[in-house]
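Naming convention: chains lettered A, B, ... in sequence-line order (proteins, then strands); numbering from 1 in each chain. Source: prediction; values computed, not measured.
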Protein chains: 2
Amino acid sequence: MRFYEKLDNITTTHDSLVCVGLDTDPLKIPDHLRGRDDGVLLFNRGIIEATADIAQSYKLNLAFYESLGRGGYDIVRQTLEMIPDDVVTIGDAKRGDIGNTALMYARALFDDFGFDAATVAPYMGRDSVEPFLRYEDRGVFLLALTSNKGSQDFQYLEIDGDPLYRHVIRTAQEWNDANNLGFVVGATHPSELEDIRGMVGDLPLLIPGLGAQGGDVEKSVRGGTTAGGMRGVFNSSRGIIYAGGGEDFADAARSAAIDLRDTINRFRTAG
Amino acid sequence: MRFYEKLDNITTTHDSLVCVGLDTDPLKIPDHLRGRDDGVLLFNRGIIEATADIAQSYKLNLAFYESLGRGGYDIVRQTLEMIPDDVVTIGDAKRGDIGNTALMYARALFDDFGFDAATVAPYMGRDSVEPFLRYEDRGVFLLALTSNKGSQDFQYLEIDGDPLYRHVIRTAQEWNDANNLGFVVGATHPSELEDIRGMVGDLPLLIPGLGAQGGDVEKSVRGGTTAGGMRGVFNSSRGIIYAGGGEDFADAARSAAIDLRDTINRFRTAG
C-alpha cells in the first residue's frame, strides 16, 4: 500500500489526526519503571496498548533511543512490533547526507526498522532526499518550518522576497515523482501553516509543537488540514506520554490522547 | 584537553591533515572478509592499524553503521577502541533537532560513543546546535557548504546579496562561546573555501570531497588551511579505504594515506 493511502485509511478508521510521540526519556518515566532495564520498553508498551485505537500514528524520535546506547536499537525494534500494522509509524530522524550515504540512512529506517515514513533534513539538497523518496511505498516528511525557537535563525531568511522555508517547499515538490512527500511544519506557526497548506495542496503535513511547545490547536487544525480535514499528522509527545506521572500513566495517556483527538476533530471540516 | 588543542597536537605530531573516512560498506570490502559477521570490524581494524601513524583523524559516518542494524552499534564502539587516544575521532552524524532532543543526540555521540567531535546540521538553528557546543571539550563541525551536488539547491540562495552558507557561518560564529566550533566545507568548492577561511579566522574546517568526489587538493589546501597550514581536516573515505580491493587492502590504504598526506603537505604553508 502506498503511504498516502495508508495514512488516509487509518485517519478514517480511527477518526483521528493524533500522532503519539514516543520520545521516551528514561528519567521521566514513572517511579515503578525507572531504573529497570526494560523500563522504557514497558513504558512504551503501556502507552501503545492504551492508545492504539486512538492514534493515527506513532512517531519515534531516534535521538531518545540512541542516547540509551546499546539497548536502544532493540527497544526501537520491539516498540515497532507492538504497534498494530494499520497504524502509521514515523521514524523521526531528520537525517540528511550526500547521496550514497543518505541511501544507507534510508535503508536503516525503511528496510531495517521498517518505518512507514521518516523525517529528513533539507539543507544538503536533492541528492540527500531522493534516496528516501525512491522508497515508493514509504513517506518522507521534509523539514520546512520547524516548531522550535531556532526556526527563526535561518528558515525565515528572505530570498527574492520569500522566506527560505517557502523555497524549500517549492523546490522539494519538484522531487515528488513517487507521490510520497510531505513536510514538517510546527504548530507554533499557525499563520504560516495556512499559507503552506495553500502551497502544498493535499500533501501530508507533520505538525509537531502542540501541547508542551504551546502550539494553537484550532488555528493549526484549520490551517494545516485539507478542505476535507485530512492529511494532518498532529504530534504530541510530552502532553500525552507524561500526562500521568504514576502507575496510572497509561490511563492518563489514553485520556490525553482522546482529549486531543476530540479537540482536533472539533476544528476539522467534515472528512 | 580542549578540542582545538587536541587537533593541533595530532596535526603536528603526525605532520598530517588527513582524516580517514571509515565509511565501511559491507558490500565493498575485500572478498575474504565479505559475508563474515565480523567482516566490517576486521576491515576497520586493518585500515586503522595501517594508518594510525599517518592519520590526523578518523571520521565514522554513522549512516554506514546504522544500515547494519543491530550489530552496527557494537562495531562503532569497537572501532573507536582501536583508534589511538591522541588521534581525533569525528562522529559524522549531521544531527539537528529541537533543543531537548539535540541534547539526546549529543549524549549519544559524546557521552556514549565518546567521539571527540561531531557534525551537526544548521537548518533548525541555534537551539539545535547549542547542546553540542555545551560540551566544551568536544568539537562541533556545522554543515556550511557541503561537497555534494545538492549543495546547489539551497546553500547558494542569496539573502541580501550573500549566499545562505555565509549567513550560516556568520550567525553560528556568534554561538561559539566555548571556542569549539568548526565548519564543514566541501573540497568541491575550492574558491569558496578561500573566502570561508577568511570569514572564520582560525576555526577548524572539515573538508570532505577529495578523491572519489573529485575535489582539487592544491586549491583546497591553500584555501582551506590557516596561514600556518593548520586547522584543516581533509577527509578521504573511498580513496583510502578501497585503494586496494584484495587481501592487501590495508597496505594499499596505507600507501594511499601517505600519498594524500604528502600531497597535502606539499601545499601547506610552513606549520
Check: Using non-hydrogen atoms only, which part of A:D23 is less than 4.5 Å away from chain B: side chain, backbone, both, or neither?
Finding: neither

Next item on the list: Go through B:P122, B:S151, B:A106, B:G99 and name the one with the most non-hydrogen pairs under 4.5 angstrom from chain A.
Entry: B:P122

Checklist line | Which of B:A102, B:A63, B:G125 touches chain A most, by non-hydrogen pairs under 4.5 Å | finding: B:A63

Item checked: Minimum side-chain heavy-atom gap A:M104-B:N61 below 4.5 Å -> no

Margin query: Please classify the contact between A:Y165 and chain B as side chain, backbone, both or neither, with a heavy-atom cut-off of under 4.5 Å.
Written below: both

Note to self: Show the nearest heavy-atom pair for residues B:F154 and A:V168, with the distance to one decimal.
What the structure shows: CE2-CA, 3.6 Å

Item checked: A:D127 to B:G150 - nearest heavy-atom pair and separation -> OD2-N, 2.6 Å

Next item on the list: Determine whether A:L157 and B:L164 make a side-chain contact, defined as any pair of heavy atoms from C-beta on separated by less than 4.5 Å.
Entry: yes

Note to self: Counting only non-hydrogen atoms closer than 4.5 Å, does A:T171 touch chain B with its backbone (N, CA, C, O), its side chain (CB onward), both, or neither?
What the structure shows: side chain

Item checked: Note, A:N100 side chain near B:F64 side chain (heavy atom, < 4.5 Å) -> yes

Check: Relative to chain A, which segment of B:L68 carries a heavy atom at a distance below 4.5 Å: side chain, backbone, both, or neither?
Finding: neither

Notebook entry, point to check: Any donor and acceptor pair, going by atom type alone, linking the side chain of B:N148 with main-chain N or O of A:M124 inside 3.5 Å?
Noted result: yes

Next item on the list: Mind checking the OG-CD1 spacing from B:S237 to A:I98? Nearest 0.5 Å is all I need.
Entry: 8.0 Å

Notebook entry, point to check: How many angstroms lie between atom OG of A:S128 and atom CG of B:L143, to the nearest 0.5 angstrom?
Noted result: 10.0 Å

Next item on the list: Kindly say whether B:Y123 contributes a backbone atom to a donor-acceptor pair with the side chain of A:Q155 at under 3.5 angstrom?
Entry: yes

Check: Of all heavy-atom pairs between B:E66 and A:Y105, which one has the smallest distance, and what is that distance?
Finding: OE1-CE2, 3.4 Å

Item checked: Chi angles and distances behind the salt bridge (charged side-chain N to carboxylate O under 4.0 Å, His left out) call for A:D153, B:R126 -> CA-CA 7 Å; A:D153 291 321; B:R126 184 171 190 150; over 6 Å; no

Item checked: Rounded distance (nearest 0.5 Å) linking atom CG of B:L103 with atom CG of A:D25 -> 9.0 Å

Check: In terms of heavy-atom proximity below 4.5 Å to chain B, should A:E158 be classed as side chain, backbone, both, or neither?
Finding: backbone

Notebook entry, point to check: How long is the gap from CZ on A:R70 to CG on B:D112, to the nearest 0.5 Å?
Noted result: 11.0 Å

Check: Side chain, backbone, both or neither: which part of A:L109 has a heavy atom under 4.5 Å from chain B?
Finding: neither

Notebook entry, point to check: Heavy-atom distance under 4.5 Å to chain B: side chain of A:R77, backbone, both or neither?
Noted result: neither

Item checked: Approximate separation, where rounding is to 0.5 Å, of B:D97 CG and A:D92 CG -> 5.5 Å

Notebook entry, point to check: Taking all atoms of both residues into account, what is the closest heavy-atom pair of A:R107 and B:S67, and its distance?
Noted result: CB-CB, 4.5 Å

